[in-house]
Amino acid sequence: MPDPSSLTKSRTPRRQVTAPLLRRDSMGNAYHVLTFDLPEGMEALPGQFAMVRGAEWGDAPLLPRPMSFLTGGNRPSILIKVFGEGTIRMARAIPGEPFEILGPLGNTWPAVSPGKRPLLVAGGVGVAPLLYLARELSSAGEKPIAVYGGRSHRDLPLNEELADVSELYITTEDGSRGAAGRVTLPLPELLSDDVEVFTCGPDRMMAAVAELCAAKGIRCIASLETPMACGYGVCLGCPVKRAGGGYLYACTDGPCIDATSIDWGEGNHAPRRVERGER
Amino acid sequence: MSDQRIQIGGLTLQNPVLTASGTFGYGLEYDDFYDVATLGGICTKGLSREPRYGNPPERICETPAGMLNAIGLANVGVEFFCKEKLPVLRERGVTVVANIFASSVEDFVAITERLESETGVAAIELNVSCPNVSKGGIEFGRDPKLAAQVTAACKAATKLPLWVKMSPEAGDIVGVAKACEDAGADAVTAINTIRGMSIDTSTGRVRLANRTGGLSGPALRPIALRIVWDLVGALKIPVIGIGGVFTTEDAVEFMLAGASAVQVGTANFSDPLAANKIRLGIAEYCAARGLTASQLIGRGRPEGA
């Protein structure tokens with residue numbers, strides 16, 4: 001059976017509250033940042049997530065959506081991309097609208113090993129937990145390297161914010177911004193013994209990053225994105241194949257998991273079934 | 001405060017709200033939320049003789065007013081449960097209904113015997129209705145003879161109250177339930193999920209790796225209510241209602257139809273506090289009408305139905 005993750009566990013007791021949307025900022029191209037007004041005591045750390053659901057959604061959509069924290073504190077925000085019913089409603093939400101927020105959930109990004117420089121690899125809305133991490137690292141005086149990729153320049157929400165706190169490399173598949181190609185393009189040059197990798201994005205992207213890191217023996221932490229019903233270990237709907245057999249659960253063993261403990265074979269990156277922007 | 005106690009066979013529950021197997025872990029995952037000892041009881045994740053990893057992903061997807069799941073009965077196994085989970089539950093005074101699952105009568109009996117040797121188990125619920133595993137489970141729940149055989153064998157192996165969880169896919173669900181009653185079941189739970197499917201039109205692929213999954217949630221509720229109604233009319237033993245109970249009103253609806261208690265399942269995912277809110281809500285509903293919880297049972301049925 002899965003063992004508990006070796007990474008840091010949640011430090012704040014999880015709670016479910018009804019909290020108002022404070023503001024919604026459109027980032028263009030179906031990306032939105034939603035900021036909530038939470039009571040004291042629900043502060044999340046980088047890497048953690050929340051289950052988010054409109055308090056007035058009724059029976060459909062039924063389940064809350066897992067969302068990484070983009071910022072922490074009592075007024076935390078999340079980044080969404082409109083894809084399905086849940087995110088459509090979130091993208092239409094107006095300030096004051098009540099949401100059910102359950103969090104903070106899952107573990108945090110682990111500390112960077114002494115002497116190593118963090119290298120963040122982000123794809124699409126996977127930028128959210130990495131931007132939160134980059135801001136924390138930067139304010140602690142440790143400016144990370146970051147690689148951020150998208151299909152086009154329109155798929156790079158918050159890239160300016162990321163540039164403020166990192167040494168940023170951008171890639172786009174259509175070449176409309178930065179280097180033309182996938183997010184893995186600059187990695188061969190950047191992956192040295194001096195770095196540790198933190199990645200979040202589509203499964204196939206993370207699998208490719210994990211493979212490059214494994215080949216060079218570089219530590220790589222992946223923040224997993226899977227469908228979830230509960231977010232706290234009872235539905236067992238978020239398994240990820242574990243290297244050597246069995247499963248890890250993204251909600252309770254992760255979402256931040258050492259990439260070498262995951263079996264990145266086909267089973268783990270079937271066609272996307274979660275709404276984009278959802279973990 | 002109205003009396004919320006409920007009698008299920010020889011077992012007295014402090015109130016009529018339980019949590020459904022597979023939606024509440026082993027009850028220990030709720031420490032941050034509320035004291036689960038306040039519930040009428042918790043039904044554990046289905047326990048098998050040996051631990052099980054469960055099905056490959058994807059295991060769940062959302063559907064209109066419901067969800068499909070094909071978890072595949074991932075669980076820690078009865079031995080680990082007895083050693084690691086049950087002692088904590090016992091210490092906290094939680095009313096534990098051990099939900100068990102096997103692919104043979106012999107294994108059903110072995111798990112029952114293992115639980116019989118422990119203190120702190122209030123009842124055993126036989127899962128003869130899981131739609132998501134290739135071997136065992138649902139075939140016991142479809143056939144009155146097989147269902148009766150499992151029930152009788154387990155009944156002979158324990159003094160604990162025995163509940164049998166009904167499959168809505170039995171051709172003759174009343175027949176299966178009656179066979180279980182005749183074989184010594186102390187109560188039946190109705191209903192388990194109904195198999196469904198979903199295809200992602202953007203990828204053209206079936207969403208669940210298991211292809212089909214059990215439908216749960218509000219979409220299931222009218223079907224569950226109808227089956228509970230039918231079973232209450234046909235059986236002498238208590239019926240425990242389950243299927244899309246999300247609110248106090250949903251729970252009351254099942255009790256008015258004749259359910260002696262309800263199980264809250266998928267609602268735990270939307271709101272971890274759901275079962276506790278429903279427990280408090282039923283008490284309020286009763287208090288406002290000067291009723292005890294047990295007086296709600298069957299109150300919606302015409303005389304003699």
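So that the names make sense, note that chain A is the first sequence line, chain B the second, and so on, each numbered from 1.
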Ring-face cation of B:Arg59 near A:Tyr247 (centre distance under 6.0 Å, axis angle within 45°): yes
For A:Ser77, enumerate each residue passing the side-chain hydrogen bond (donor to acceptor under 3.5 Å, both in side chains) test, keeping only those at least two apart in sequence or located in another chain. A:Thr71
salt_bridge(B:Arg49, B:Asp107) N-O dist < 4.0 Å: yes
Most contact-rich option vs chain A, by heavy-atom pairs under 4.5 angstrom, among B:Pro218, B:Pro272, B:Gly54, is B:Pro272
Suppose we screen for side-chain hydrogen bond (donor to acceptor under 3.5 Å, both in side chains). Which residues come up paired with B:Ser198, at least two apart in sequence or across chains? B:Arg207
Name the region of B:Phe24, side chain, backbone, both or neither, that has any atom closer than 4.5 Å to a heavy atom of chain A. backbone
Compute whether any side-chain donor of one residue and acceptor of the other, for A:Asn29 and A:Asp155, lie under 3.5 angstrom apart. yes
Give, as side chain, backbone, both or neither, the part of B:Thr23 having an atom under 4.5 angstrom from any heavy atom of chain A. backbone
Residues of residues 78-92 of chain B contacting chain A, heavy-atom criterion under 4.5 Å, by residue number: none
Show me the donor-acceptor pairs within less than 3.5 Å that the side chains of residues 231-239 of chain A make with the rest of the protein, sequence neighbours left out.
{"residue": "A:Tyr232", "atom": "OH", "partner": "B:Tyr30", "partner atom": "OH", "Å": "2.9"}
{"residue": "A:Tyr232", "atom": "OH", "partner": "B:Asn268", "partner atom": "O", "Å": "2.7"}

Between B:Asp271 and B:Lys277 (salt bridge meaning N to carboxylate O under 4.0 Å), is one present in this structure? yes
With chain B as the partner, which of A:Gly245, A:Ala229, A:Ala60 has the greatest number of non-hydrogen pairs under 4.5 Å? A:Ala229
For B:Asp250 and B:Thr247, does a side-chain donor sit closer than 3.5 Å to a side-chain acceptor? yes
